[in-house]
Amino acid sequence: MQYVVQKNDDEATLATTHHVSVGNLRKANELLPQPYLVEGRTIEIPTDDKQDDSQNGSSDNQNHSGVETFKPGEKSTN
């Protein structure tokens with residue numbers, strides 16, 4: 001889908017709002033002049049993030065050995 005960049009937009013917020021990864025957002029706009037998040041510019045927001053991830057061999061259910069994850073508010077045990 002196409003999206004017109006608004007003032008103060010950033011990758012993380014756009015990715016979260018549209019349920020895509022930052023990596024797939026960047027990939028969808030890699031041919032645009034950088035930085036691509038310029039107010040008023042039309043960018044592409046991928047609509048099928050899971051399909052792109054599956055092509056890269058990653059999955060939400062994949063075991064991420066050695067990667068520590070925390071819920072909001074949790075602290076590391078280190």
Side-chain angles (χ1 to χ4, degrees):
M1 81 178 230
Q2 292 189 332
Y3 174 81
V4 178
V5 177
Q6 305 299 307
K7 185 177 183 177
N8 299 321
D9 275 347
D10 63 74
E11 289 178 318
T13 302
L14 287 175
T16 301
T17 301
H18 296 283
H19 308 288
V20 298
S21 68
V22 170
N24 283 344
L25 183 61
R26 288 179 181 171
K27 185 175 181 180
N29 294 286
E30 66 188 356
L31 298 179
L32 292 176
Q34 299 299 314
Y36 69 96
L37 290 181
V38 176
E39 183 179 358
R41 177 179 284 162
T42 300
I43 64 168
E44 188 66 30
I45 299 202
T47 55
D48 194 1
D49 198 39
K50 292 195 183 299
Q51 179 181 357
D52 290 347
D53 284 344
S54 67
Q55 291 174 355
N56 294 330
S58 66
S59 166
D60 288 342
N61 297 327
Q62 192 172 18
N63 180 9
H64 296 285
S65 178
V67 175
E68 246 183 310
T69 58
F70 301 96
K71 294 178 183 174
E74 279 186 339
K75 294 184 180 179
S76 172
T77 57
N78 292 342

Determine whether a donor-acceptor pair (N or O, by modelled atom type, separation under 3.5 Å) exists between the side chain of [X] and the backbone of [Y].
| X | Y | value |
| --- | --- | --- |
| R41 | L32 | no |
| N24 | S21 | no |
| Q2 | I45 | no |

Working to the nearest 0.5 Å, report the span between [atom1] of [X] and [atom2] of [Y].
| X | Y | atom1 | atom2 | answer |
| --- | --- | --- | --- | --- |
| Q6 | T13 | CD | OG1 | 13.0 Å |
| E39 | D9 | CD | CG | 8.5 Å |
| Y3 | L25 | OH | CG | 10.5 Å |

* To do: Would you mind reporting whether L14 and L37 have side-chain heavy atoms less than 4.5 Å apart?
  => yes
* **Residue pair Y36, E30: steps toward the side-chain contact (heavy atoms from CB on, under 4.5 Å) verdict** => CA-CA 8 Å; Y36 69 96; E30 66 188 356; over 6 Å; no
* Asked: What is the minimum heavy-atom distance between E11 and V22, and which atoms define it?
  -> OE1-CG1, 3.8 Å
